[in-house]
There are 2 protein chains.
Amino acid sequence: MPSITEENYLKALLRLGNEPLAEGQVGTNELAAYLQVKPSSVHDMLKRLRNRGWINYQKYGKISLNESGRALAVGILRKHRLWETFLHDTLGFSWDEVHEVAEQLEHIQSAKLIDRLDFFLGYPKVDPHGDYIPDSDGHLEPLAAIPINQVETGEVVTLLAVKGNDPTYLQYLSHLEIRIGIEFKLIERVTFDGSLVIEYMGKRQTISRMTAEGLLVSRNT
Amino acid sequence: MPSITEENYLKALLRLGNEPLAEGQVGTNELAAYLQVKPSSVHDMLKRLRNRGWINYQKYGKISLNESGRALAVGILRKHRLWETFLHDTLGFSWDEVHEVAEQLEHIQSAKLIDRLDFFLGYPKVDPHGDYIPDSDGHLEPLAAIPINQVETGEVVTLLAVKGNDPTYLQYLSHLEIRIGIEFKLIERVTFDGSLVIEYMGKRQTISRMTAEGLLVSRNT
DNA sequence: TTTACTTGTTAGACCTGCCTAACTTTACTA
DNA sequence: TAGTAAAGTTAGGCAGGTCTAACAAGTAAA
Ligand SMILES: [Mn+2]
Ligand SMILES: [Mn+2]
Ligand SMILES: [Mn+2]
Ligand SMILES: [Mn+2]
């Protein structure tokens with residue numbers, strides 16, 4: 001059974017390996033930056049994770065999860081997202097408050113607890129940020145969504161999920177009345193700085209490129 | 001903020017200090033036995049807890065929590081018992097399953113989570129084992145109950161709480177249909193080995209001294 | 001009051017997880 | 001293709017938390 005720290009490394013490898021272009025391959029410095037530790041610390045841990053049989057790694061090579069490491073990481077992600085859903089739906093936390101607490105709760109070891117929580121919540125498919133919750137068999141649906149800045153002017157799209165855990169970002173979206181499931185029409189793209197003008201709920205709003213990058217949408221059929 | 005290990009030591013000091021005759025005073029070996037570590041490890045930790053300002057302790061002397069240490073310990077106990085109540089009442093865990101998981105959940109750091117959980121559960125007064133749940137101000141009602149073997153023959157008493165976390169003990173009680181709130185009449189005391197014959201729910205049952213010691217009852221008015 | 005036993009402390013070691021500083025390898029650019 | 005910048009590794013060290021083995025204090029009985 002992995003320690004809490006080991007679990008956080010495994011989860012980070014899953015996350016970073018799923019980035020577009022990453023193809024499961026992650027670098028030492030990248031991991032260090034993401035986990036807010038030094039590359040030398042990462043290197044120590046990588047040796048341990050390899051000895052424990054969870055990753056593929058050799059000196060100066062890229063890192064990837066193997067089957068058992070990926071299974072562990074997906075299990076932690078499942079717990080994280082179920083807890084976020086519990087905090088939001090049952091206890092009334094706002095979507096910007098859930099991540100931090102779920103970072104702790106995801107490390108509780110009890111299969112029964114997670115099964116019962118899943119049942120209690122009605123087997124939810126997505127968490128409060130629109131991300132898919134892995135099922136109990138370790139299946140994780142890939143999110144078929146693109147950032148809204150990759151959409152053509154005039155298109156109408158639906159917000160499937162938001163990317164990023166920064167509470168101030170999520171609070172800002174709430175302030176703009178942007179929620180999962182909302183429909184946007186892309187009115188205009190500002191070539192100068194990549195800002196977008198979007199229309200939703202009968203109003204027009206300009207959002208910066210940075211804000212737009214976190215809005216993951218599907219093209220409406 | 002205490003580490004998880006520090007929290008477990010503080011909680012143990014509260015627990016052992018509340019034993020009858022202990023009067024807040026606890027010994028090194030006693031603590032070591034309770035926490036399943038060696039006395040030398042305890043000694044190391046005691047120095048740390050003293051430096052952190054949570055206990056009164058000097059070489060070769062007895063150990064006691066000070067005000068701030070006690071407040072921390074009571075806070076952890078509150079979380080432990082609220083989580084046990086959640087697991088039991090909301091998720092349908094049996095009373096022998098809740099303790100182990102609550103040992104983990106009690107260390108989650110989030111005041112809001114505990115407040116909301118308390119609200120969600122309807123501000124429960126007692127946990128699944130009949131123990132009082134400290135309130136959010138740190139008040140912990142002392143349990144006015146005695147082990148059933150201190151009761152006179154012929155007396156009728158009510159089961160207020162059970163003592164001990166051993167799942168097999170709790171399962172055995174369930175098997176005997178013994179639950180919190182039940183009424184017992186003490187029929188007979190076996191002087192040889194301290195066994196008791198009790199009557200409840202229309203049946204007679206012999207229980208060993210060991211079993212009886214965990215049944216905390218109140219004399220009926 | 002000396003002895004024996006129990007309780008508590010110290011020294012030295014190990015593992016986890018992190019750091020800094022110095023080094024090596026790889027990748028890219030001139 | 002050499003030279004440099006970036007990425008990655010090594011050595012050595014530190015704090016938390018534990019251990020074993022040896023030692024010191026306190027306690028209680030002879
Ligand atoms: Mn999250
Ligand atoms: Mn985490
Ligand atoms: Mn318990
Ligand atoms: Mn605990």
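To find a chain, count down the sequence lines: A is the first, B the second, and so on, and within it residues start at 1. Just the heavy atoms: all of them, side chains too, but no hydrogens, waters or symmetry mates, feed the values below.
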Notebook entry, point to check: Are Thr28(A) and dT9(D) close enough that a side-chain N or O sits under 4.0 Å from OP1 or OP2?
Noted result: yes

Side-chain N or O of Ser41(A) versus OP1/OP2 of dC19(C): is the shortest distance under 4.0 Å? yes

Would you say the side chains of His129(B) and His99(B) form a donor-acceptor pair under 3.5 Å? no

Problem set entry | side-chain N/O Tyr57(A) vs dT9(D) OP1/OP2, d < 4.0 Å | yes

Whole-Å distance, Ile4(B) CD1 to dA15(D) P, equals 21 Å

* Apply ring pair (Phe, Tyr, Trp, His ring centres under 6.0 Å) to the pair Phe86(B) and Phe86(A), showing each step before the final yes or no. => CA-CA 13 Å; Phe86(B) 170 75; Phe86(A) 170 75; 5.3 Å; yes

task = Using only side-chain N and O atoms of Lys59(A), determine if any of them is under 4.0 Å from OP1 or OP2 of dT10(D).
result = yes

Separation of dT18(D) atom C1' from Asn8(B) atom CG, nearest Å, is 14 Å

His43(B) NE2 to dA21(D) C1', in whole Å, measures 16 Å

Contacts of Pro39(A) and Gln58(B) projected onto DNA chain C by closest heavy atom; the upstream (5') one is Gln58(B)

Looking at Lys62(A), I'd like to know whether one of its side-chain N or O atoms comes within less than 4.0 Å of OP1 or OP2 on dG8(D). yes

Handout entry: Cation-pi, Tyr57(B) ring and Lys47(B) (6.0 angstrom, 45 degrees)
Key = no

Distance-only donor-acceptor test (3.5 Å): side chain Ser40(B), base dT20(D): yes

Inset, instruction - Answer yes or no: does a side-chain N or O of Tyr9(A) lie under 4.0 Å from OP1 or OP2 of dC18(C)? - result: yes

Separation of dG8(C) atom C1' from Met45(B) atom CE, nearest Å, is 17 Å

Glu6(B) atom CD is separated from dA15(D) atom C1', nearest whole Å, by 12 Å

### Task
Give a yes/no verdict on a cation-pi contact between Lys125(A) and Tyr132(A), requiring under 6.0 Å between NZ or CZ and the six-membered ring centre and an angle within 45° of the axis.
no

When rounded to whole Å, the CG to P distance for the pair Asp44(A) and dT10(D) reads 10 Å

